[in-house]
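Numbering starts at 1 and runs along the sequence shown.
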Amino acid sequence: MSMRLSLPRNGLLAVAALDLLVALSMVAGWWTPAPAGLLAAAVVAPLSAMGYVHAYRLSSAARKAGASPWDALRTIADALVPLPVRMLMRAERRNLASFALWVRRRQDGVTPGGTALAYAKNQRPMLLMLLFAVAVQAVALEWMLAASDGPAGLRAVVVMADVYQLLFVLALGAASATRPHVVTAEELRIRYGAYFDVRVPRELIASVKISRNYNARGVIAVADGHLTVGVDAQTNLIVNLTAPLTVTRPLGRREHVTTIRFYADDPGSALKSLTGR
């Protein structure tokens with residue numbers, strides 16, 4: 001179930017959410033407002049009330065449509081949080097969940113009879129360099145803050161940010177290894193970690209050939225109807241389609257493409273699986 005909202009209503013929801021956070025901080029004793037703050041709260045109060053009313057209407061409409069209380073709350077959250085942010089948060093959750101698959105040596109989405117096409121091997125050196133850079137940065141920042149008697153709160157925030165960066169790189173590696181491209185009798189599924197996933201029906205594939213390219217711009221790019229899913233600036237397979245295919249980019253934008261370039265560790269096996277019966 002999806003609901004389209006205008007920007008002013010989304011803004012009212014944001015004001016109401018911010019007002020609620022401020023009120024909770026006051027009740028908890030974390031913040032004591034000055035007279036100017038109380039005046040600002042009085043000015044914003046009508047907008048907050050309108051936001052609460054709109055949130056109630058969204059929840060009521062969702063419940064009447066048969067949604068559970070949790071799904072009704074998700075409807076409000078979806079209206080409050082922009083689509084690109086939701087897409088990135090979902091991808092990050094799936095990347096982190098890939099750790100469990102990687103430990104168990106499992107792969108996601110590889111159905112019985114399907115052929116997995118790995119693409120993670122060529123990006124391992126880059127990920128190792130990123131891990132080394134993040135580790136060096138974490139040690140250097142901690143040393144600088146300790147030498148300058150930095151506040152404990154600031155040091156804790158920096159440590160948390162460094163840990164997140166390490167998890168981000170490791171999760172990307174795990175997701176790339178456990179979420180390969182997949183070829184089945186019905187479709188070609190092209191992926192990059194949990195950030196990108198497009199399914200190409202076999203009947204839309206006009207031709208497939210090995211075509212090596214070493215200057216791919218970005219990991220996922222669309223230009224003039226051509227989709228590129230590169231690894232380390234490389235692609236080695238090109239798929240021509242008989243009709244435009246709609247793809248969703250990592251931040252939610254939709255594009256129509258007629259040609260797809262992507263990378264596989266073994267392009268020969270990929271070509272054989274796509275051209276065979």
Please say yes or no: joined through hydrophobic side-chain contacts below 4.5 Å, possibly via intermediate residues, are [X] and [Y] part of one cluster?
X      : Y      : result
Ile210 : Val208 : yes
Leu130 : Leu96  : yes
Trp102 : Leu170 : no
Val139 : Val159 : no
Leu131 : Val219 : yes

At their closest point, which heavy atom of [X] faces which heavy atom of [Y], and how far apart are they?
X      : Y      : answer
Thr235 : Gly230 : CG2-CA, 3.9 Å
Leu145 : Val158 : CD1-CG2, 3.8 Å
Ala206 : Thr242 : CB-CG2, 3.5 Å
Gln107 : Ala177 : NE2-O, 3.8 Å
Gly173 : Leu127 : CA-CD1, 3.5 Å
Leu166 : Ala135 : CD2-N, 4.4 Å

* Return yes when atom CZ of Arg104 has more than 12 non-hydrogen atoms of other residues, nucleotides or ligands closer than 6.0 Å, and no otherwise. =>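 Yes, because the 6.0 Å sphere around CZ of Arg104 holds more than 12 heavy atoms from other groups.
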* Asked: Just wondering, more than 12 heavy atoms not from Met144 lying within 6.0 Å of its CE?
  ->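 Atom CE in Met144 is not packed in, count stays at 12 or less.
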For the backbone of [Y] and the side chain of [X], can you confirm whether one donor and one acceptor N or O come within less than 3.5 Å of each other?
X      : Y      : result
Thr184 : Glu186 : yes
Arg189 : Val110 : no
Asn95  : Ala194 : yes
His181 : Arg191 : yes
Asp265 : Lys121 : yes
His256 : Val247 : no

* To do: Would you tell me whether Glu92 and Tyr195 have side-chain atoms, one donor and one acceptor, within less than 3.5 Å of each other?
  =>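 Indeed, the side chains of Glu92 and Tyr195 share at least one donor-acceptor pair under 3.5 Å.
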* When you look at Arg106 and Thr178, which way does the side-chain contact (heavy atoms from CB on, under 4.5 Å) test go after all the steps? -> CA-CA 7 Å; Arg106 301 284 183 86; Thr178 58; over 6 Å; no
* Determine, stepwise, if the pair Ser207 / Asn240 fulfils side chain to side chain donor-acceptor pair (under 3.5 Å). => CA-CA 5 Å; Ser207 64; Asn240 295 308; 3.0 Å; yes
Any side-chain heavy-atom pair of [X] and [Y] under 4.5 Å:
X      : Y      : answer
Tyr263 : Leu237 : no
Val229 : Arg261 : no
Pro250 : Met87  : no
Ile205 : Leu188 : yes
Leu88  : Leu251 : yes
Thr258 : Leu245 : no
Val257 : Val222 : yes

* Asked: Checking side-chain contact (heavy atoms from CB on, under 4.5 Å) for the pair Tyr119/Asp232: CA distance, chi angles, key distance, verdict?
  -> CA-CA 10 Å; Tyr119 57 86; Asp232 196 21; over 6 Å; no
* Carboxylate-amine/guanidinium proximity below 4.0 Å for Arg179 and Asp197 ->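 Salt bridge flag = no for Asp197 with Arg179.
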* Is it true that Arg253 and Glu255 have a side-chain N and a carboxylate O under 4.0 angstrom from each other? ->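 Salt bridge flag = yes for Glu255 with Arg253.
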* Pairwise salt bridge (Lys or Arg N to Asp or Glu O under 4.0 Å) hits with a residue in residues 93-102, at least two apart ->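 As it turns out, there is no salt bridge (Lys or Arg N to Asp or Glu O under 4.0 Å) pair with a partner in residues 93-102 once direct neighbours are skipped.
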* Can you list every salt bridge (Lys or Arg N to Asp or Glu O under 4.0 Å) pair that touches residues 126-148, not counting sequence neighbours? ->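 Output for this query lists Glu142-Arg155.
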* Given Leu274, Ile260, Leu227, the one that forms side-chain contact (heavy atoms from CB on, under 4.5 Å) with Val200 ->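 Answer to the side-chain contact (heavy atoms from CB on, under 4.5 Å) test with Val200 among Leu274, Ile260, Leu227: Ile260.
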* What's the spacing between Arg212 CZ and Gln234 CD if we round to 0.5 Å? ->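 Rounded to the nearest 0.5 Å, the CZ-CD separation comes out at 8.5 Å.
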* Asked: Excluding sequence neighbours, so at least two apart, what forms side chain to side chain donor-acceptor pair (under 3.5 Å) with Gln123?
  ->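 Only Ser176, Tyr192 meet the side chain to side chain donor-acceptor pair (under 3.5 Å) criterion with Gln123.
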* For side-chain contact (heavy atoms from CB on, under 4.5 Å), just list the numbers for Leu117 and Val183, CA-CA rounded to whole Å, side-chain angles, deciding distance to a tenth of an Å, and then say yes or no. => CA-CA 8 Å; Leu117 306 178; Val183 177; 3.6 Å; yes
* To do: Evaluate side-chain contact (heavy atoms from CB on, under 4.5 Å) for Phe262 paired with Ile238, printing each intermediate quantity in order.
  => CA-CA 7 Å; Phe262 69 102; Ile238 181 170; over 6 Å; no
